[in-house]
Protein chains: 2
Amino acid sequence: MAIPRAAKTQRRTRIQEEKEEKILEAALDVFSVSGFRGSTIDQIADVAGMSKPNLLYYFRTKEAMHRALIDRVLFTWLEPLRAFDANGNPESEIRSYIRRKLEMARDFPRESRLFANEVLQGAPHIEDELKGPLKDLVDEKAEVIKSWAKAGKIAKCDPYHLIFSIWSTTQHYADFDVQVLAVLGQEQAGSGRFEDAARFLEQLFIDGLRVKPAS
Amino acid sequence: MAIPRAAKTQRRTRIQEEKEEKILEAALDVFSVSGFRGSTIDQIADVAGMSKPNLLYYFRTKEAMHRALIDRVLFTWLEPLRAFDANGNPESEIRSYIRRKLEMARDFPRESRLFANEVLQGAPHIEDELKGPLKDLVDEKAEVIKSWAKAGKIAKCDPYHLIFSIWSTTQHYADFDVQVLAVLGQEQAGSGRFEDAARFLEQLFIDGLRVKPAS
DNA sequence: TGTAATGTTTACCAGTCGGTCAAATTATCC
DNA sequence: GGATAATTTGACCGACTGGTAAACATTACA
């Protein structure tokens with residue numbers, strides 16, 4: 001009898017482990033480009049090198065695949081913000097947050113696009129995660145930033161919009177990569193663009209947030 | 001005989017004018033949410049309140065609809081950057097560019113998402129526009145910014161990444177609106193967020209680009 | 001080694017997809 | 001008002017969609 005469909009048994013088989021991994025890897029490829037609606041199980045099956053029914057043996061529906069993928073990626077995705085240290089030096093915390101986010105945009109562009117696609121299309125599958133864990137984490141870090149501003153360690157500013165602007169500027173290099181490449185042109189298209197971006201963004205945010213001499 | 005299919009006749013009928021308008025309006029609704037692949041002609045027909053074959057009478061294919069929509073929207077979309085004045089005051093030019101882009105994010109979020117979806121999915125339909133008109137325009141304005149920096153009117157910085165960062169921060173409020181709303185929560189979700197964003201971004205970019213006193 | 005559980009495939013289904021066609025309806029202009 | 005062109009519709013097509021059923025193959029384990 002083949003009803004297990006993964007996780008029905010207490011312990012996951014080695015084969016389950018491997019195949020689910022393979023499927024989610026392929027799913028990431030496909031969903032990150034075409035979004036949920038625009039992706040098909042057949043495409044994912046093709047990329048994974050497996051048959052469609054075989055995919056559906058491990059994940060009962062297309063939605064289950066998407067969900068599993070989101071769940072797996074979300075935690076990692078929030079890691080840089082979680083690492084934001086209230087007791088650290090404000091300037092270097094912001095600097096390294098930007099660095100880290102930019103590194104993720106460079107090293108995990110598919111993950112970035114997966115969320116971008118999802119949010120762009122109204123976040124029908126991750127609304128709860130946004131209003132729950134994400135909001136909570138941002139609220140917490142916003143408090144930290146606010147206290148820094150109050151203590152005169154950085155310029156007074158809206159912490160939420162600061163976080164939004166760091167998100168958008170860094171993820172831009174993953175989500176809109178084609179556009180960035182098109183505008184920069186062949187010559188500058190080497191991966192040096194990430195270094196250039198890092199330099200620019202650090203300058204922008206550090207100088208932009210420096211406390212101004214009382215005028 | 002009904003072969004006209006719009007624009008075959010020299011002059012467009014009033015009815016053609018109206019219906020094409022109606023269709024593109026509906027197409028914008030649908031494409032901006034689901035992207036090209038994820039959208040269906042039936043959806044567009046539904047929104048437009050017309051029958052599917054009727055839509056296909058005005059636009060032979062789904063791609064033709066998408067193309068017509070892109071063509072129509074692209075010019076307007078680049079207006080703010082085009083208005084960037086080489087002879088103006090750098091600070092106020094940057095300030096008003098940010099304002100204008102933010103206003104567009106607020107007033108034309110669908111247009112923003114249309115492009116975001118397209119670029120995110122690899123820009124298969126607008127590659128030429130990106131490498132041509134867009135790149136040319138950006139190159140031109142980048143020169144302007146570079147000359148400002150050289151003249152000591154603003155801090156030295158990479159002009160391309162400056163433009164990218166203005167794009168990303170402003171469009172973020174259109175493309176990732178659901179996320180912004182989720183994080184800000186009900187209480188702050190009024191349209192005041194655009195004013196807050198404007199204040200923050202102007203502070204960030206103006207202070208971030210101010211020439212630093214020789215250290 | 002046998003056998004039960006797990007994994008894989010082929011064939012298939014009903015619904016949806018982009019798009020066509022011919023017939024019916026409406027607008028235009030003399 | 002009638003002829004002619006422009007517009008709209010319903011019926012339909014083959015390809016693809018997410019998903020199922022059952023037969024078949026493989027693995028794990030006593």
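Naming convention: chains lettered A, B, ... in sequence-line order (proteins, then strands); numbering from 1 in each chain.
- With rounding to whole Å, B/M65 atom CE is found 10 Å from C/dG18 atom C1'.
- With B/R113 contributing its side chain and B/A174 its backbone, the two residues share a donor-acceptor pair below 3.5 Å.
- In this entry the distance linking CG of A/L56 with P of D/dA21 reads 12 Å, nearest Å.
- A side-chain hydrogen bond (donor to acceptor under 3.5 Å, both in side chains) check over residues 32-45 of chain B, counting only residues at least two apart or in different chains, returns nothing.
- Each end of the helix from C/dT1-D/dA30 to C/dC30-D/dG1 gets its own rotation axis from five pairs of C1' atoms, and the angle between them is 10° to the nearest 10 degrees.
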Review item, nucleotides 9-14 of chain C N/O atoms under 3.5 Å of protein N/O:
{"residue": "C/dT9", "atom": "OP2", "partner": "A/S51", "partner atom": "OG", "Å": "3.2"}

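- Here CZ of A/R72 is found 14.5 Å from CZ of A/R67. Values are rounded to the nearest 0.5 Å.
- In this structure, CD of B/E63 is placed 15 Å from C1' of C/dC17, rounded to the nearest angstrom.
- Ring pair A/F194/B/H161: centre-to-centre distance not below 6.0 Å.
- Phosphate contact (OP1/OP2 of D/dA6, side-chain N/O of B/Q16, threshold under 4.0 Å): absent.
- Between A/K62 and D/dT17, a side-chain N or O to OP1/OP2 separation shorter than 4.0 Å is absent.
- For the pair B/E93 and B/R99, the salt-bridge criterion is not met [side-chain N within less than 4.0 Å of a carboxylate O].
- In this structure, A/Q43 atom CD and D/dG18 atom C1' are separated by 13 Å, rounded to whole Å.
- In this entry the distance linking OH of A/Y58 with P of D/dT20 reads 17 Å, nearest Å.
- Between A/H66 and A/F31, the ring-plane angle classifies as perpendicular under the 30° and 60° cut-offs.
- Non-hydrogen atoms lying under 4.0 Å from DNA chain D are contributed by A/S39, A/T40, A/I41, A/D42, all within residues 24-42 of chain A.
- With hydrogens and angles left out, the side-chain atoms of B/D196 and A/Y160 include no donor and acceptor closer than 3.5 Å.
- The nearest whole Å value for the distance from the CG atom in B/D46 to the P atom in C/dT16 is 12 Å.
- Expressed to the nearest 0.5 Å, how far CD1 of B/I70 lies from CG of B/L24 amounts to 11.5 Å.
- The CZ atom of B/F59 sits 16 Å away from the P atom of C/dG18 (whole-angstrom rounding).
- Taking the ring centre of A/F75 as origin, the terminal cationic atom of A/R82 falls inside the region bounded by 6.0 Å and 45° from the ring axis.
- The ring-ring contact (aromatic ring centres under 6.0 Å, His included) check on B/F205 picks up nothing, with sequence neighbours excluded.
- Counting to the nearest Å, the P atom of C/dG7 and the CD atom of A/E17 are 11 Å from each other.
- Residues meeting the ring-ring contact (aromatic ring centres under 6.0 Å, His included) test with A/F84, sequence neighbours left out: A/Y97, A/W148.
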